[in-house]
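Both backbone and side-chain heavy atoms feed into the values below; hydrogens, waters and symmetry mates do not. Chain letters run A, B, ... following the sequence lines, proteins first and then strands; every chain starts at 1.
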Amino acid sequence: MDENLVLEVRRLSGGYRKGGVISRGTYKQILFDVNFEVRHGEIVGLVGESGSGKSTLAKIILGLLDPQEGEVIHHTPRPQIIFQDPYSSLNPAYDVEWILEEPLRVYGKYDKAERKRRVRDMLSRVELDEHYLKSKPNELSGGQRQRVSIAAALIRRPRFIIADEPVSALDVTVQAQVLRLMRSLREELDLSYLFISHDLNVVYQICDRVLVLKNGRIVEQGEVETVFNHPQHEYTKRLLEAAE
Amino acid sequence: MKNKRMNGYLLAGLILTGLLVALMLLGKFWTPYSPTEMNGAAKLQPPSWAHLFGTDNFGRDIFSRVMRGGGTTLTIAVLTIAIGAVLGTLIGAATGYFGGAVDDALMRLNDALTAFPSILLALLIISLVGPGKTYNVVIALGIVFIPSFARVMRTQFASQRNVNYITSARLMGAGSLRIMILHMLPNTLRTLLPALTIGFNNAVLAEASMSFLGIGVTPPDASLGYMLSEAQGMLVKAPWYAISTGAMIALLVFGVGLIGEGLQKLEREVD
Amino acid sequence: MLEIKDLHVQFNSRDHEAVSGVTLTIHDGEILGLVGESGSGKSVTAMSIAGLLPRKQCKLSGDVLLDGQDLLHAQRSELRRLHGRKIGVVFQEPMSSMDPLMRVGTQIGETLRIHQPDMPKEERHRLVYEAMRDVELPNPEETYRKYPHELSGGQQQRAMIAAAIVSRPSLLLLDEPTTALDVTIQAQILELLKKLNRETGISMLFISHNLNVVRKLCKRVAVMQKGKLVETGTTEDVFFRPQHPYTQKLIESIPTRHGKEVR
């Protein structure tokens, strides 16, 4: 087995059960025979339009939803997620310090001084000043919130991150800063990302490889340069044309 | 964000309620006259400096009775909403967080309880636990108040179930109990606090109605509701009895209502 | 045709002006792009043209003239008449700007029903069908009777555009009309807007934070930052020879497929 692998997704099918408690309801299949892997240090883009199954795939990989068939093999500890909407990804009842410390408290292996040290360290890694520790999420800008979300996802030092449209809700100048940050954190903390996005230009900027999802099937995958410059599938061509 | 500021409603409500609560708490230890001692020489006196609210037809000082009776009413109302809010929150949290079959079963039970008029339900429970004692009234009213709190809190917990920060908490391995108490509960306070004030007022009024109907507090205990039914018997001879007791209930409900309104206004301003 | 002169908008609840001293002209038959990041004041500018600002909650000064008619200080009734007939507005979220309980066709004809109540029903239906054909909604007869939720996102936005052009206004305000849509749908809507502009000569103010979209659609671009207009020029000039430092930063930040600046 290739020890460079971070994640393997094999023959994966999945979806949701819709309907009642008494009747079993109907099963709405969303993903069909999805196969791919993420290697160490890689940023893999997952592109597709709304309804293509991107979010369902993310949920199954994170273990929030059971697959119908096939398997998801993790070669790292549990992955963490960065969400699109920086407004709902931080608990509005708490300040930044609490939010960043909570994953460490749950982990339970560090004493208070060590937790505080790690919180400060991570805050500086996402390039936020220490005085933001006492800020509540609603006192921060969109970009600052997204930095806090990234810090919270990284504080337990996971090796694999699923980023679900992490910059789509941000202004373009902030977007560029956050992308740059995610890139430098990959080097510093030895991370791999699955980068979900509908914005092909962003994917081109940050990703090494790309998966194109359409109606729950991966219609094309490969190196970003190859796929973007020589798209094989009709749908990929259409997407690229529209985003030109 | 603006800091949470005091507003007029909240300030007025806190002052009014504070004064009344202080008076009623004081009544538990000290009253100008004994609230139960009869005085043949001072029957049916109208309000005066000696007897601020006058006396009843046994010569008892009504101000002292209002202080003591208000304390009983206050105790009942506070304990009632405590039972209602704590158990209601527990049920609401469990059903809202887990959803599914637990949710369905408990919420159907809740619907069944809500289908009864609350006084009728209280009457039913009183007839099971035995009438007259203050704590029985508390138990009966407490149970009556559970469903409404459970319903409100269920919505609050259920609406957070799939929010991103809860998903993140789950991903980092936080247990259900931790998520419910630490991650979700603080976000329900903005709804719970105003609901508590409304619940408190409903409890005061429910206690008054029950005691007025004679299924609530009975002598030697006295509550504002019981006193109101007593006052009814001497409405012509001593109207000040009914007026001062009724005014006390109205002021208490009004004060707490102002606090509730103020709290909601505060939340709206923060948004 | 539309002239904005030294427009200032200050909300009573804020310390800063939301719009401070914007001067801007939209020529006949032109598509002008107005770009800026959140809080730049681009939407507030649009709302003051559309007369959608709550007048009691803000201070307005300056002039907004549509074909020489003052929009900023006009009487309310006068404004309403103007907006129904001369200005059409399309917002970002098609679903939330449609009435879920009203049939699509009826909704498209609403403006006509309100502003030209004397118009015979047959004439109104004719204009609604015409607008639906203009925006290329499939099977107009069938779509007329559908409800908003039965349409796809792209069709909903087409219906909103139809509603905005049904009374044949001379100016169309588009506030992030493609932001909520998938890229392929987005491209179709942009093509549609170009076609409408070409065929009917309608002027458009296209507001967006997405510079790629603006580049594709507009001949001229205005850039706003913190309530001020920092740069105006042809799309070509602004994108390839930006003058203002903020515009330069903005252009640099656009994710493109020409070189990987992020790396």
Side-chain angles (χ1 to χ4, degrees), chain A residues 17 20-22 55 58-59 61-65 77-95 98-109 135-141 145-146 148-158 160-162 164-166 169, chain B residues 1-5 89 93 95-109 111 153-154 156-193 263 266-271:
Chain A
R17 189 167 297 288
V21 175
I22 296 157
S55 300
K59 278 188 184 151
I61 295 171
L62 288 165
L64 296 171
L65 193 66
R78 202 171 194 178
Q80 293 294 321
I81 185 163
I82 301 167
F83 292 103
Q84 165 176 9
D85 177 16
Y87 289 82
S88 63
S89 51
L90 301 174
N91 195 326
Y94 293 100
D95 62 19
W98 191 94
I99 290 169
L100 295 185
E101 199 182 337
E102 176 67 2
L104 298 174
R105 271 191 299 266
V106 171
Y107 188 51
K109 294 242 167 101
S135 303
K136 291 272 185 75
N138 64 356
E139 298 162 336
L140 303 175
S141 69
R145 278 177 220 238
Q146 202 56 303
V148 175
S149 303
I150 293 173
L154 295 179
I155 192 107
R156 290 235 302 253
R157 295 298 171 81
F160 178 42
I161 294 287
I162 293 181
D164 190 357
E165 305 268 7
Chain B
M1 189 196 87
K2 285 182 224 156
N3 275 323
K4 293 199 177 187
R5 280 185 321 225
T89 301
T95 53
Y97 180 80
F98 291 109
V102 191
D103 186 23
D104 281 346
L106 277 169
M107 280 298 130
R108 290 300 85 76
L109 180 68
D111 287 343
M153 294 308 274
R154 174 186 173 275
Q156 289 295 306
F157 279 87
S159 67
Q160 290 184 71
R161 190 163 61 199
N162 292 319
V163 174
N164 291 344
Y165 59 81
I166 297 301
T167 306
S168 293
R170 225 172 265 144
L171 282 177
M172 72 193 186
S176 297
L177 206 58
R178 186 178 187 96
I179 289 179
M180 277 190 261
I181 295 171
L182 272 180
H183 294 251
M184 289 178 156
L185 188 60
N187 290 304
T188 67
L189 290 183
R190 59 160 53 192
T191 306
L192 182 59
L193 292 180
L263 284 173
L266 211 67
E267 289 302 344
R268 282 197 296 272
E269 274 173 14
V270 171
D271 294 334

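- Atom CG of B:N162 and atom NZ of A:K59 lie 7.0 Å apart (nearest 0.5 Å).
- Proximity to chain B (any heavy atom under 4.5 Å) is shown, for A:Y107, by neither the backbone nor the side chain.
- Residues forming a side-chain contact (heavy atoms from CB on, under 4.5 Å) with B:N164 (at least two apart in sequence, or on another chain): A:F83, A:D85, A:S88, A:S89.
- Between B:V163 and A:N91 the shortest side-chain heavy-atom distance does not fall below 4.5 Å.
- Every residue meeting the side-chain contact (heavy atoms from CB on, under 4.5 Å) condition with A:R105, not counting sequence neighbours, appears here in chain and number order: A:W98, A:E101, A:E102, A:R115, B:R178.
- In this structure, CE on B:M172 lies 9.0 Å from CG on A:L104, to the nearest 0.5 angstrom.
- Interface remark: B:L182 contributes backbone and side-chain atoms alike to the contact with chain A (heavy atom separation under 4.5 Å).
- Only the backbone of A:L90 comes within contact range of chain B, judged by heavy atoms closer than 4.5 Å.
- The shortest non-hydrogen separation linking B:N187 to A:P92 is OD1-CG, 3.3 Å.
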